[in-house]
Amino acid sequence: MIQELQLRILPEEAANEQSLKQVVARETGTSVPHILAVRVLKRSIDARQRTIYVNVKLRVFIDEQPDEPEYQSVEYKDVSAGKTVIVVGAGPGGLFAALRLIELGLRPVVIERGKNVRERKKDIALISREHKVNSESNYSFGEGGAGAYSDGKLYTRSKKRGSVDKILNIFCQFGASTSILADAHPHIGTDKLPRVIENIREQIIRCGGEVHFETRMDALIIHGEEVAGVETNTGKSFYGPVILATGHSARDVYRYLHDRQIPIEAKGIAVGVRLEHPQMLIDQIQYHRKEGRGEYLPAAEYSFVTQVNGRGVYSFCMCPGGFVVPAASGPKQVVVNGMSPSNRGSRWANSGMVVEIRPEDFPSDSPLGLMEFQEHLEELSWLNGGMKQTAPAQRMADFINKKNSFDLPESSYTPGLLASPLHFWMPEFVTGRLREGFRYFGKVSKGFLTNEALMIGVETRTSSPVRILRDKESFQHVTLKGLFPCGEGAGYAGGIVSAAIDGERCAEGAGHYLDNQ
Ligand SMILES: Cc1cc2nc3c(=O)[nH]c(=O)nc-3n(C[C@H](O)[C@H](O)[C@H](O)COP(=O)(O)OP(=O)(O)OC[C@H]3O[C@@H](n4cnc5c(N)ncnc54)[C@H](O)[C@@H]3O)c2cc1C
């Protein structure tokens with residue numbers, strides 16, 4: 001017999017299959033040996049009250065073994081003889097575009113400026129160790145894109161449940177834990193993501209597709225009003241319609257498009273700092289217990305949002321049990337971001353704390369105005385951080401009180417920190433709102449506003465400062481046929497899952513385009 005149960009249970013009861021079987025036995029009056037398997041379909045934590053509960057939806061197999069797969073897989077066939085589509089960029093947008101192309105019988109040729117995901121790891125280590133930023137291989141560039149060395153959080157605001165579920169199932173097919181199908185806030189972890197990404201690449205190649213690393217698109221090949229392929233820095237050109245999934249840090253791509261008068265527009269962004277607290281403190285606040293999260297609860301998360309003087313101030317990309325990382329992709333930049341391993345086991349909790357910026361806040365004749373503003377802030381951060389990858393930092397309460405921090409608490413940021421008056425050199429437009437925002441967050445969450453927390457500058461790469469204009473129906477560029485601006489860099493996604501969904505959409509657009517040729 002198969003039964004589904006919706007239960008509200010204690011964290012220790014939800015800890016593993018054995019403890020869940022005990023609960024099921026109690027709830028159904030069945031003895032444990034008859035309960036052959038328990039599958040968790042949905043899981044979320046309710047920490048609003050003093051007693052913390054886990055809400056679970058279970059599928060229980062009594063006197064029968066499960067014969068259904070734990071996830072739905074896609075069959076990828078050989079497409080060696082299919083028409084070619086060029087995918088520029090091997091981030092989640094590009095990789096999921098390539099997989100969808102294969103499903104449609106088309107042959108993806110992926111070109112990626114950075115290195116494969118393992119080689120890339122060495123360059124990332126050099127940023128912390130030697131303060132060397134390789135402008136082609138870093139936290140933004142390389143196989144897996146900006147999502148590879150991240151938290152691998154897979155929640156999204158996308159309302160398209162079907163599309164989201166498909167992406168999560170594909171992640172499982174390539175090696176992610178099936179817990180991502182059940183958790184309200186699924187995440188993979190930076191330690192597990194590289195293997196998943198390699199498995200996707202191996203699948204693309206097995207099906208007859210190609211993946212070229214250290215191959216940067218330098219120009220589009222344009223015939224009349226149609227894109228026919230790309231030229232690369234290796235001297236090799238690739239021909240076919242182009243899915244342009246280059247991410248929000250490929251500023252050279254934006255400059256290239258603008259110089260060629262290919263329509264793009266400025267898009268709102270959000271900028272601010274990474275805020276780092278001891279994880280213990282966040283656990284104590286969120287779980288209302290002095291002893292912290294204990295044995296059975298995960299590292300606690302938070303999410304804050306408010307409005308200050310007409311602009312949003314909010315926490316972004318929170319990484320419980322994580323690390324603050326140096327995410328610069330070029331010289332004279334200090335940019336920070338966050339990542340965490342699958343066990344979220346570090347002693348720190350971090351999140352971006354950012355202020356919304358709209359194009360009208362920094363009027364410019366150029367669609368690159370907000371991108372230049374990002375660049376300016378990143379250079380200021382580099383100057384104030386000691387002109388290497390050490391980052392400028394200030395204690396949270398000192399920032400509120402416009403005081404210098406004379407010492408800094410221990411931090412997860414490995415290149416090192418330099419005490420710096422962020423309140424002084426960051427634009428008042430941002431600092432004034434952050435100050436008000438922090439006061440409010442400190443009121444709704446007692447203990448959050450504290451000098452134990454550290455602000456690290458600057459967080460600027462929250463989303464794309466540019467939109468590459470495309471048609472809503474065909475996903476083609478508004479003036480160039482055969483060009484499919486895709487993912488976060490094109491301004492149509494924010495985060496791993498939404499970039500992957502957009503990759504699938506653009507692959508379908510390219511499929512229709514080829515069908516009608
Ligand atoms: C440290 C960090 C942590 C993050 N954590 C999360 C998280 O937990 N959850 C989440 O949802 N999102 C997270 N994000 C954001 C997420 O990574 C991005 O939203 C997502 O990767 C965007 O996907 P994309 O494919 O559109 O672009 P990208 O991932 O940016 O990929 C673009 C790719 O294009 C390549 N490229 C650029 N220019 C060229 C060119 N000219 N020629 C060839 N290749 C080129 C780049 O090298 C890159 O690999 C994080 C980002 C960072 C940096």
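Atoms within a ligand are numbered from 1 in the order they appear, just like the ligands themselves.
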Residue pairs meeting side-chain hydrogen bond (donor to acceptor under 3.5 Å, both in side chains), one or both in residues 177-186, sequence neighbours left out, come to Arg43-Asp183, Glu70-Thr178, Ser177-Ser179, His185-Glu301
Centroid-centroid distance, Tyr71 to Phe171, less than 6.0 Å:
no
Counting neighbours of CD on Glu225 that are heavy atoms of other residues, nucleotides or ligands and sit closer than 6.0 Å, is the number greater than 12?
no
Salt-bridged, Glu265 to Arg467, with N to O below 4.0 Å?
yes
Can you run down the side-chain hydrogen bond (donor to acceptor under 3.5 Å, both in side chains) pairs that involve residues 485-510, sequence neighbours left out, and say none if there aren't any?
Arg100-Glu508, Lys166-Glu504, Arg470-Asp502, Asp502-Arg505
When you look for protein heavy atoms under 4.0 Å from ligand 1, which residues do they belong to?
Val88, Gly89, Ala90, Gly91, Pro92, Gly93, Ile111, Glu112, Arg113, Ser140, Phe141, Gly142, Gly145, Ala146, Gly147, Tyr149, Ser150, Asp151, Gly152, Lys153, Thr215, Arg216, Met217, Ala245, Thr246, Gly247, Ala250, Val253, Cys317, Val325, Asn337, Gly338, Gly487, Glu488, Gly495, Ile496, Ala499
Can you list every pair that meets ring-ring contact (aromatic ring centres under 6.0 Å, His included) and has a residue in residues 215-272, with sequence neighbours left out?
His212-Phe238
